[in-house]
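Counting starts at 1 for both ligands and their atoms, following the listed order. Numbers here simply count residues along the sequence, with the first being 1.
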Amino acid sequence: MDLGAITKYSALHAKPNGLILQYGTAGFRTKAEHLDHVMFRMGLLAVLRSKQTKSTIGVMVTASHNPEEDNGVKLVDPLGEMLAPSWEEHATCLANAEEQDMQRVLIDISEKEAVNLQQDAFVVIGRDTRPSSEKLSQSVIDGVTVLGGQFHDYGLLTTPQLHYMVYCRNTGGRYGKATIEGYYQKLSKAFVELTKQASCSGDEYRSLKVDCANGIGALKLREMEHYFSQGLSVQLFNDGSKGKLNHLCGADFVKSHQKPPQGMEIKSNERCCSFDGDADRIVYYYHDTDGHFHLIDGDKIATLISSFLKELLVEIGESLNIGVVQTAYANGSSTRYLEEVMKALFSTAVEMKIKQSAQQLEDKKRKAAKMLENIIDLFNQAAGDAISDMLVIEAILALKGLTVQQWDALYTDLPNRQLKVQVADRRVISTTNAERQAVTPPGLQEAINDLVKKYKLSRAFVRPSGTEDVVRVYAEADSQESADHLAHEVSLAVFQLAGGIGERPQPGF
Ligand code: MG
């Protein structure tokens with residue numbers, strides 16, 4: 001470590017005195033003007049992480065659905081996953097160290113994690129379309145370089161595309177080519193092969209309106225569309241040519257306002273979708289003939305995909321040893337099913353088996369195995385991905401001959417309630433299992449389990465907000481009354497066990 005050089009460069013990316021930031025599930029996120037030093041230091045940290053894991057590490061400069069003035073950064077671990085929790089702490093320490101303490105913190109991290117400083121390091125960098133992103137990603141590069149790391153700057157990428165690059169590079173090209181063309185080709189080939197099988201390929205399934213949140217999704221979808229245009233034509237809105245990023249558009253806007261984004265004309269029963277600002281999230285929606293708005297997101301997307309996978313797996317039958325869980329499609333069970341099955345499908349052993357089945361089995365089975373093979377290729381295994389999800393959904397709708405209303409009617413949400421509880425420090429809550437299980441504070445998950453048992457068809461989760469000292473409570477049950485009661489009881493448990501502040505949560509809404 002050339003400490004002299006680090007000190008010199010760090011001074012060029014000086015930390016504003018007293019500024020404290022926290023690395024959360026979304027990485028660091030705040031006003032772009034406060035992030036220069038954080039970017040430089042995350043470049044340093046990425047090099048240490050790369051040396052320690054002997055793998056390529058990713059750094060993504062984005063603030064997802066936040067307004068344009070904000071920005072953020074997060075590190076991507078070797079298999080495209082989120083940064084390991086102990087390194088999240090290192091990230092927080094390093095970002096908050098005052099100038100004179102920075103070197104010591106850097107050395108502390110290296111020692112604690114037994115980083116071999118002689119090891120080579122490689123970091124890949126991507127950024128979204130925010131005006132501040134280019135300069136901030138240059139600061140990341142400064143950090144990488146001063147610690148002697150090699151890097152590849154992909155420039156503009158969606159967040160899931162960067163995850164894909166990291167995953168490709170660390171699996172020796174087995175997963176795909178670590179280039180933007182590699183990504184386009186892999187997904188599009190699978191999509192076109194799938195949709196070729198669709199007997200219903202009328203205009204209904206050929207076109208889709210896409211709101212790109214005035215973000216990176218527009219750019220990348222434009223580049224990609226000719227690769228898959230045989231199967232689908234997309235009409236882009238909020239493509240960044242005039243509006244502001246995430247302003248009156250994008251997945252979060254549509255979801256929270258329950259209305260279409262600005263600038264998109266919708267005819268009744270027309271299929272539409274919205275990406276968020278860095279294209280790792282998608283929602284679908286339509287207007288019915290009475291002009292009512294219908295949102296299709298999370299669980300309904302999972303239901304469509306998981307019921308399709310289930311059919312294929314049943315078709316292939318005993319030749320694949322995957323537990324096909326038989327569940328009613330209550331909220332969440334389809335999400336859970338999807339996670340379990342995807343986990344199984346993404347294992348190399350099962351993938352090999354499917355590939356073999358696609359060669360050998362009788363006609364009907366072979367066709368199902370071939371479809372499954374393509375679906376696996378179409379999924380971004382490294383991260384949630386709006387473009388990949390969109391293509392999976394479009395392929396299934398075409399193959400099943402489902403209209404958007406028929407998809408919507410496949411499944412009805414259970415009554416649910418969401419509440420917020422103010423706490424002194426949201427960090428007392430940590431979760432696992434995709435934020436469905438509370439690990440800390442002790443006793444909270446047990447309390448929730450006991451409360452859930454009192455109601456039929458019920459579930460409840462708590463998770464800390466990414467940005468404020470608030471805990472979000474979600475509850476669902478067989479009736480609205482039960483969901484409301486359960487949500488209130490869980491809020492009380494959070495208030496008591498997780499350091500609630502202010503007034504105790506009151507019943508009634
Ligand atoms: Mg996002």
Side-chain angles (χ1 to χ4, degrees), residues 23-32 35 42 58-77 80-83 88 125-133 136-137 154 156-167 183 210-221 224 236-240 243-257 261 273-285 295-298 301-302 335 379-393 434-435 463-468 472:
Y23 195 99
T25 40
F28 289 108
R29 234 180 245 184
T30 187
K31 293 266 168 287
L35 280 168
M42 289 308 102
V59 180
M60 183 72 199
V61 177
T62 181
S64 185
H65 53 276
N66 283 37
E68 195 165 277
E69 308 74 61
D70 290 359
N71 216 322
V73 59
K74 65 178 176 183
L75 269 58
V76 179
D77 253 4
E81 73 275 46
M82 282 172 19
L83 188 62
E88 287 187 5
I125 299 145
R127 63 169 197 270
D128 72 12
T129 53
R130 283 160 207 275
S132 58
S133 290
L136 290 175
S137 70
Y154 280 100
L156 293 162
L157 281 189
T158 71
T159 297
Q161 283 172 343
L162 182 77
H163 285 255
Y164 165 92
M165 301 305 173
V166 173
Y167 192 40
Y183 173 94
V210 187
D211 154 34
C212 297
N214 289 318
I216 181 73
L219 242 80
K220 296 295 145 179
L221 205 49
M224 187 179 184
L236 307 194
F237 295 84
N238 300 315
D239 63 355
K244 259 178 110 173
L245 177 67
N246 297 326
H247 182 61
L248 304 175
C249 59
D252 286 75
F253 172 85
V254 169
K255 188 176 164 131
S256 54
H257 291 82
C273 67
S274 286
F275 293 178
D276 75 339
D278 60 342
D280 62 356
R281 226 176 91 66
I282 189 169
V283 297
Y284 268 74
Y285 44 90
L295 182 78
I296 308 181
D297 74 342
I301 291 174
T335 316
F379 269 108
N380 185 338
Q381 293 183 26
D385 183 336
I387 293 178
S388 148
D389 289 352
M390 176 191 87
L391 293 175
V392 170
I393 291 164
E435 301 195 312
R463 65 181 174 92
S465 152
T467 47
E468 43 186 341
R472 296 185 196 283

Asn380 side, atom CG; Tyr183 side, atom OH - distance, nearest 0.5 Å: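 If I round to the nearest 0.5 Å, the distance is 6.0 Å.
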Between CE of Met60 and OG of Ser133, what distance do you get to the nearest 0.5 Å?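 That separation rounds to 7.5 Å.
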Please work out the angle at the Mg ion (ligand 1) defined by atom OG of Ser64 on one side and atom OD2 of Asp276 on the other, rounded to 10°.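 Taking the Mg ion (ligand 1) as the apex, the two atoms subtend 80°.
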Calculate the angle formed at the Mg ion (ligand 1) by OD1 in Asp280 and OD1 in Asp278; 10° precision is enough.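 Vertex the Mg ion (ligand 1), arms to OD1 of Asp280 and OD1 of Asp278: 90°.
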Could you verify whether a donor N or O on one side chain and an acceptor N or O on the other, from Thr159 and Asp280, lie under 3.5 Å apart?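 No donor-acceptor contact under 3.5 Å links the two side chains.
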Restricting to non-hydrogen atoms, name the atom on Gly277 and the atom on Ile216 that form the minimum distance, rounded to 0.1 Å.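 Shortest heavy-atom separation between Gly277 and Ile216 comes out as O-CG2, 3.4 Å.
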Contact check: Thr159 to the Mg ion (ligand 1), N/O/S below 2.8 Å: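 Short answer: no, not a single N, O or S atom is under the cut-off.
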